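Since we're looking at a predicted model, the values are computed, not measured. Below, all heavy atoms of this structure are taken into account, side chains as well, without hydrogens, waters or symmetry copies.
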Amino acid sequence: MGVSMGTASMWVERWERQQQRYAVDREERFAVIADVTEHLCAGRDRPLLLDLGCGPGSLSARLARRLPDADIVAVDMDPVLLELGRTHHPDAARYVDAVIGEDGWTDALELDRSVDVVDVAVSTTALHYLPAPVLLRTYRALAALLRPGGALVNGDHFPPDGSPCSDLTAHVGRRRAERIGAHGSEDEDWESWWQAVAADPELTDLFEQRERKRPSSGGGNRHLSVGHHTQLLHEAGFGHVTPVWQVGDSCVLVALKD
């Protein structure tokens with residue numbers, strides 16, 4: 001099947017631009033995730049990183065540049081995005097097709113549990129698609145994969161408890177996005193990007209696979225606060241949880257395994 005390098009490069013560049021609409025200070029968020037990962041992997045010869053919901057490899061590529069000796073396993077269920085990542089960022093990671101949260105999804109990672117211990121699992125704007133019970137199972141699965149002292153580093157939107165405060169953080173995030181021009185009218189949004197992808201002859205087969213695989217909406221967990229996530233992470237076996245960066249309700253949350 002395959003996708004040409006030129007096509008993959010063009011679609012990944014357009015993906016990067018449209019994602020700016022949805023992640024406040026996206027590059028700073030990526031940099032903070034890399035800062036935390038680098039700190040946690042200090043002194044590790046070949047750290048093993050797990051990128052959850054990797055898309056076309058945006059975060060994996062940035063981590064590979066920051067930690068060139070790391071082994072990165074990048075996981076997603078979307079055949080279009082995985083193929084774009086494999087083609088455009090082929091050396092950044094080993095890409096794995098798996099549905100995060102499904103029974104046995106960690107088996108698809110093909111890790112040798114006797115030698116492959118994950119140092120850091122990272123994610124950005126991906127785990128909010130999981131309903132809360134599935135999210136808890138996923139947190140437990142990650143805790144089982146991580147070494148003692150390892151961590152989950154998750155960049156996403158985490159509203160505070162209570163609507164008055166969540167209204168404020170959402171407002172601050174929107175205003176920040178407006179000031180840095182993240183909502184430029186000339187840019188694509190999520191829907192128009194996918195409509196354009198569907199019309200590209202090189203991606204037609206992959207897009208049809210995506211449509212067959214795509215689950216019906218399950219509601220996700222976008223409403224869960226930092227406090228609720230912290231409770232679930234503690235329940236899953238993480239000893240310490242803290243936000244390390246926040247703008248509005250866009251936050252990088254770090255959960256450390258004892």
Side-chain angles (χ1 to χ4, degrees), residues 3-34 51-65 74-90 92-93 95 97 100 122-130 154-159 170-211 213-215 217 220-222 245 247-252:
V3 175
S4 69
M5 179 64 75
T7 294
S9 297
M10 182 266 291
W11 284 115
V12 170
E13 180 182 345
R14 288 171 66 170
W15 170 270
E16 295 284 339
R17 290 202 303 270
Q18 63 95 353
Q19 283 291 291
Q20 296 287 345
R21 300 170 65 95
Y22 305 106
V24 178
D25 282 353
R26 184 170 181 256
E27 286 302 326
E28 180 65 14
R29 181 197 283 179
F30 282 144
V32 169
I33 292 172
D51 183 2
L52 304 165
C54 63
S58 300
L59 179 54
S60 287
R62 288 162 173 83
L63 289 172
R65 289 194 292 269
V75 189
D76 208 296
M77 64 170 289
D78 192 304
V80 174
L81 299 181
L82 283 170
E83 188 62 25
L84 293 178
R86 289 186 182 110
T87 305
H88 187 66
H89 299 300
Y95 295 89
D97 183 350
I100 296 166
V122 299
S123 188
T124 180
T125 57
L127 298 183
H128 62 237
Y129 290 107
L130 303 179
N154 186 16
D156 213 324
H157 294 275
F158 299 100
H171 175 72
V172 168
R174 285 193 300 269
R175 294 305 301 270
R176 171 64 176 162
E178 291 165 3
R179 284 195 294 274
I180 63 176
H183 291 281
S185 60
E186 74 280 2
D187 291 336
E188 289 178 302
D189 61 12
W190 174 270
E191 289 79 12
S192 61
W193 189 88
W194 280 109
Q195 289 169 2
V197 163
D200 187 323
E202 279 196 63
L203 299 176
T204 298
D205 290 344
L206 290 167
F207 185 80
E208 290 176 353
Q209 288 181 35
R210 177 182 191 268
E211 292 301 290
K213 289 181 63 176
R214 193 155 57 125
S217 176
N221 64 75
R222 294 172 187 264
W245 175 87
V247 176
D249 59 10
S250 182
C251 177
V252 174

**With F158 via ring pair (Phe, Tyr, Trp, His ring centres under 6.0 Å) - residues at least two apart** = H229

**Asked** To the nearest 0.5 Å, what is the distance between CG (N221) and CG (D156)?
**Response** 7.5 Å

**Item:** For H88 against S9, the heavy-atom pair lying closest together
**Value:** ND1-OG, 3.1 Å

**Prompt:** Roughly how far apart are E28 CD and S250 OG, rounded to 0.5 Å?
**Reply:** 10.5 Å

**Fill in**
With sequence neighbours left out, the residues meeting side chain to side chain contact (heavy atoms under 4.5 Å, CB included) with T204 are E208

**Complete:** Applying side-chain hydrogen bond (donor to acceptor under 3.5 Å, both in side chains) to R86 and not counting sequence neighbours gives none

**Prompt:** Does D51 reach the side chain of L63, with side-chain heavy atoms less than 4.5 Å apart?
**Reply:** no

**Request:** Verify, without hydrogens or angle tests, whether S192 (side chain) and D189 (backbone) share a donor-acceptor contact under 3.5 angstrom.
**Result:** yes

**Prompt:** How would you list, by chain and number, every residue that makes a side-chain hydrogen bond (donor to acceptor under 3.5 Å, both in side chains) with T87, sequence neighbours excluded?
**Reply:** none

**Message:** Tell me if a side-chain donor or acceptor on E202 pairs with a main-chain N or O of S4 at a distance below 3.5 Å.
**Reply:** yes

**Item:** Rounded distance [0.5 Å steps], OH in Y95 versus CG in L84
**Value:** 10.0 Å

**Complete:** Taken to the nearest 0.5 Å, the spacing of E188 CD from R14 CZ works out to 4.0 Å

**Prompt:** Quick one: SG on C54 to CD1 on I100, what's the gap to the nearest 0.5 Å?
**Reply:** 8.0 Å

**Request:** Taking all non-hydrogen atoms of both residues into account, name the closest pair between A93 and A74 and its distance.
**Result:** CB-CB, 3.8 Å

**Asked** For R222, what residues pass the salt bridge (Lys or Arg N to Asp or Glu O under 4.0 Å) criterion, not counting sequence neighbours?
**Response** none

**Request:** Determine, step by step, whether T7 and D200 satisfy the side-chain contact (heavy atoms from CB on, under 4.5 Å) criterion, reporting the C-alpha distance in whole Å, the side-chain angles of both residues, the deciding distance to 0.1 Å, and the verdict.
**Result:** CA-CA 9 Å; T7 294; D200 187 323; 3.8 Å; yes

**Item:** Nearest-0.5 Å distance, CZ of residue R21 to CH2 of residue W190
**Value:** 13.0 Å

**Message:** For the backbone of L52 and the side chain of S123, can you confirm whether one donor and one acceptor N or O come within less than 3.5 Å of each other?
**Reply:** yes

**side chain to side chain contact (heavy atoms under 4.5 Å, CB included) involving P79 - partner list, sequence neighbours excluded** = L206, Q209, R210, K213

**Message:** List the residues meeting side chain to side chain contact (heavy atoms under 4.5 Å, CB included) with V247, not counting sequence neighbours, and say none if there are none.
**Reply:** V24, D25, R176, W245

**Asked** Can you name the residues that form a side-chain hydrogen bond (donor to acceptor under 3.5 Å, both in side chains) with H157, not counting sequence neighbours?
**Response** D249

**Request:** Could you pull out all residues at least two apart from E27 that satisfy side-chain hydrogen bond (donor to acceptor under 3.5 Å, both in side chains)?
**Result:** R62

**Message:** Could you work out, with ring pair (Phe, Tyr, Trp, His ring centres under 6.0 Å) as the rule, every residue matching W193, not counting sequence neighbours?
**Reply:** W11, W15

**Request:** List in chain and number order the residues that pass salt bridge (Lys or Arg N to Asp or Glu O under 4.0 Å) with E13, two or more places apart in sequence or in another chain; answer none if no residue qualifies.
**Result:** R17

